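Accompanying notes for the structure given below.
Everything quoted here is computed from the prediction, not taken from an experiment. So you know, we letter chains A, B, ... as the sequences are listed, proteins then strands, and number each from 1.
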2 protein chains.
Amino acid sequence: MKKIFLKDIAAELNLSKTAVSLVLNNRGDENKISKETQKRILDFAQKNNYRPNQMARGLSLGKSETIGLIVPNISDIFYARIAHHIELRAKTLGYNVVFSSSNEDAKMEKELMYSMLNRQVDGLIIASTQKNKDEILKLREANFPFVLIDRHYPDIKTNYVIVDNFGGSKNMTQHLLKNGRRNIGLVSIKSELDAILQRRLGYETALVEEGLEINAGILKELDPFAYKSEMKDAIKDMVSGLTGIDAIVFTTHYLAASGLRELKLLDVKVPSEVAIISFDELGAFDLVDPPISTSKQPVDDIGNLAVEILVNDIEKKNIKIENQSILQTQLLIRKSCGV
Amino acid sequence: MKKIFLKDIAAELNLSKTAVSLVLNNRGDENKISKETQKRILDFAQKNNYRPNQMARGLSLGKSETIGLIVPNISDIFYARIAHHIELRAKTLGYNVVFSSSNEDAKMEKELMYSMLNRQVDGLIIASTQKNKDEILKLREANFPFVLIDRHYPDIKTNYVIVDNFGGSKNMTQHLLKNGRRNIGLVSIKSELDAILQRRLGYETALVEEGLEINAGILKELDPFAYKSEMKDAIKDMVSGLTGIDAIVFTTHYLAASGLRELKLLDVKVPSEVAIISFDELGAFDLVDPPISTSKQPVDDIGNLAVEILVNDIEKKNIKIENQSILQTQLLIRKSCGV
DNA sequence: TTGAAAGCGCTAACAG
DNA sequence: CTGTTAGCGCTTTCAA
């Protein structure tokens, strides 16, 4: 089965490339090409398994019908799930998706953005490092369609789909308070990410509204690339007699998983001695010992919405209106909270 | 910052497009273009942030420097991890990757293959549904570079990177036997996938070699799309007085997770009453109650190897030699086995 | 060393 | 209704 081109089918059928192209792009009627001719073309193309060269098509059209997706790490189940929904939605709308992981590295992210632009993606969905303000601004200036997910730039007007990190985190903390925990610690990562700041703020706000104090001893911020090794000391420190916390809020699922490992190693009883709760979850959080409570993020909505907003921008070109969605998280209470 | 093209920089510098193109592709020396001219070009390109249009380049070159990845489901942590490693390795070798999920659907998979071919990917990495033999054969005939991962077609000679499903599964089962379990059940999915068959075979072989019998009561094969709802009965059946199994081998991580859920609901003590072990694992299997033993797959090696083999084929074009790797799994023993 | 020109495969005015 | 023609942006012979 050898490759067949547009011109081949034109030649074979004694027609012009134009006619064939038109028909194959469903513009036959519109250009008043006889039903009969159309059928001949379609049949022939079908029978010979004609497959247009998308590079040629893209070059000519100035678009690729491809969406670029940049996430910190595709092997993080959270982003993998989002990617899946993005892919599904994109497919139904006629778009492919190329993805890349930035590894939280600003320079890499910038590279990826340009690499994808070079490849003529029609739009970009980015879970940003939040360290490439200039590049994001450039995209905006250039009127290039893009939507930020999970992480946005609070002081730039862009499309974005994020979750209510503040609210979700506050909820989690309030739940612990409601259940009698008074000495609640936070384990987070050192980060400028707004999402992370908001989660911390939600936590702090809940405490403050309850008239409780926050001090360094109960607020740990670990190096995002060394949290596993730093976790032990952090946990040890928190559960020691000095601070003696009775609950911990973790701002990400991997922190919660890692934290629980250390708690077990230290033989701290969860939840009787220390309750824990996590922002976002891993697939098996309900099976863990004890099952971990969580503020669950609506990954499907994030993915679907992002694609819809993006494709709308790509096709309608009404990029002027920023489309900003803040989705709610869902509080799932499990045994790790002690209730 | 407006877009700049090859011809712009040629015009600006009073050179020909050829010269500029040559230099930009590192073929300046080879074509004896003066160092000075080269520097002028490079500097100008750099300063003006020249970005070649990859569609044009690809069209001209007949290749895209893009690898297509087709997996059953990118949100399965197993494939997400592989994807991550594929992406990393591909990037270092100068390739991008487009991915899509087939959802285990043969027709979809075929669609995706062609869609990617249309987009002129230079090669394909496929974790196949194993239901598209004809298409795979066509790829082979066409001498198109591709490598199968995770699942291969046992009766077709192709490149592939898979794991030793039989051995891994046999190991798991033998471990249970060694620890005194005599009535070991299997929970798998109804599937023609060789990987799944091999896992079952490994289990059966271990039993048979021990002189034990296999009967329908201890061998459950669930519908891959309805395993969650079917799991309850399967488990109930196995632990009932009639069959009274004392251990279960799960052939996938999601089956293990789901099975453990049901065991808990039925108040079956793991591992004292029933030990469990899983082929492949979820991120939190060590935190689960009890921590689940597993045959861990080397996702990094799978990804890296696949890319290396593929790129080698793409670039060296020595597609004649099939490169077939069967990697070993790693048995991780945790509490769910009772030791 | 350099440049003109053809061509990759497809689309889209425009003229007939 | 159909065909001619001119690109899309880049690479690459081939001749100068």
Side-chain angles (χ1 to χ4, degrees), chain A residues 2-42 44-45 48-66 114-115 117-122, chain B residues 2-42 44-45 48-66 114-115 117-122:
Chain A
K2 61 187 260 293
K3 208 138 189 178
I4 183 181
F5 300 114
L6 197 61
K7 66 161 183 257
D8 297 331
I9 115 163
E12 207 71 35
L13 262 34
N14 270 311
L15 294 169
S16 69
K17 281 165 58 185
T18 313
V20 179
S21 172
L22 251 20
V23 172
L24 257 20
N25 286 296
N26 280 317
R27 321 250 309 280
D29 288 339
E30 166 186 332
N31 289 69
K32 307 194 184 153
I33 293 181
S34 74
K35 281 289 175 206
E36 187 195 8
T37 307
Q38 293 201 36
K39 187 160 163 31
R40 277 175 66 214
I41 295 175
L42 259 12
F44 190 88
N48 292 276
N49 220 288
Y50 170 70
R51 299 282 174 172
N53 178 322
Q54 297 292 344
M55 302 222 91
R57 187 153 197 275
L59 178 58
S60 185
L61 249 33
K63 59 179 191 169
S64 59
E65 282 160 339
T66 298
Y114 281 108
S115 160
L117 292 182
N118 297 350
R119 287 179 196 252
Q120 313 303 116
V121 297
D122 296 337
Chain B
K2 61 187 258 292
K3 207 139 190 179
I4 183 182
F5 299 114
L6 197 60
K7 66 160 184 255
D8 297 330
I9 116 164
E12 206 70 37
L13 261 33
N14 269 311
L15 293 168
S16 70
K17 279 165 58 184
T18 313
V20 178
S21 172
L22 252 20
V23 170
L24 258 19
N25 286 296
N26 280 317
R27 321 249 311 278
D29 288 339
E30 165 186 333
N31 289 71
K32 309 196 182 151
I33 294 180
S34 73
K35 283 286 174 208
E36 187 195 7
T37 307
Q38 292 200 35
K39 188 162 161 34
R40 278 174 65 213
I41 294 175
L42 258 13
F44 189 88
N48 291 276
N49 220 288
Y50 170 69
R51 300 278 173 174
N53 178 323
Q54 297 293 345
M55 301 221 93
R57 189 152 196 276
L59 179 58
S60 185
L61 251 31
K63 59 180 192 169
S64 58
E65 280 160 339
T66 297
Y114 282 109
S115 160
L117 291 182
N118 297 350
R119 286 178 198 254
Q120 312 305 113
V121 297
D122 297 336

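Look at A:Ser21 and you won't find any side-chain N or O under 4.0 angstrom from OP1 or OP2 of C:dA12. The phosphate of D:dG9 (OP1 or OP2) has no side-chain N or O of B:Tyr50 nearer than 4.0 angstrom. Here A:Arg57 reaches the OP1 or OP2 of C:dT11: one of its side-chain N or O atoms lies under 4.0 Å away. An OP1 or OP2 oxygen of D:dT11 is reached within less than 4.0 angstrom by a side-chain nitrogen or oxygen of B:Asn25. For the pair A:Ser60 and C:dT11, the criterion of a side-chain N or O lying under 4.0 Å from OP1 or OP2 is not met.
Side-chain N or O atoms of A:Asn53 include one that pairs as donor or acceptor with a backbone N or O of A:Met55 at under 3.5 Å. Judged purely by atom type and a 3.5 angstrom limit, B:Arg119 has no side-chain atom pairing as donor or acceptor with the backbone of B:Ser64. Looking at A:Gln38, its side chain does come within 3.5 Å of a backbone N or O of A:Ile33 through a donor-acceptor pair.
Counting non-hydrogen atoms under 4.0 angstrom, B:Leu59 reaches a base of the nucleic acid. Nucleic acid contact for A:Leu61: sugar-phosphate only, since backbone atoms but no base atoms lie under 4.0 Å from a heavy atom of the residue. Here A:Leu15 lies in heavy-atom contact (under 4.0 Å) with sugar-phosphate atoms only. At a threshold of 4.0 angstrom between heavy atoms, the contacts of A:Asn14 are confined to the sugar-phosphate backbone, with no base atom among them. Among the protein residues, A:Ser34 comes within range of the sugar-phosphate backbone only, with heavy atoms under 4.0 Å from sugar or phosphate atoms but none that close to a base.
Minimum atom distance to the side chain of B:Pro52 is reached by D:dC10, of the listed C:dC10, D:dC10, D:dT12. The listed nucleotides are D:dT12, D:dC1, D:dG9; the one nearest the side chain of B:Thr18 is D:dT12. Of the candidates D:dT2, D:dT12, D:dC10, the closest approach to any side-chain atom of B:Leu6 belongs to D:dC10.
Counting to the nearest Å, the P atom of C:dT2 and the NZ atom of B:Lys35 are 13 Å from each other. Here the P atom of nucleotide C:dT1 and the CZ atom of B:Arg27 are 16 Å apart, to the nearest Å. Taking atom CG on B:Asn31 and atom P on D:dT11, their separation rounds to 13 Å, with Å as the unit. Between the CZ atom of A:Phe5 and the P atom of C:dG7 there is a distance of 15 Å, rounded to whole Å. Distance A:Asn53 CG to D:dC8 P: 18 Å, rounded to the nearest Å. One atom, NZ of A:Lys17, and another, C1' of D:dA6, lie 11 Å apart when rounded to the nearest Å. In this structure, CG of A:Leu22 is placed 15 Å from P of D:dT4, rounded to the nearest angstrom. Nucleotide D:dC10 holds its P atom 14 Å from the CZ atom of A:Arg119, rounded to whole Å.
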Full working for side chain to side chain contact (heavy atoms under 4.5 Å, CB included) between A:Asp8 and A:Asn48: CA-CA 10 Å; A:Asp8 297 331; A:Asn48 292 276; over 6 Å; no
Derivation and outcome, side chain to side chain contact (heavy atoms under 4.5 Å, CB included), residues B:Ile4 and B:Phe44: CA-CA 11 Å; B:Ile4 183 182; B:Phe44 189 88; 3.7 Å; yes
Side chain to side chain contact (heavy atoms under 4.5 Å, CB included) between B:Arg40 and B:Val23, worked out: CA-CA 10 Å; B:Arg40 278 174 65 213; B:Val23 170; over 6 Å; no
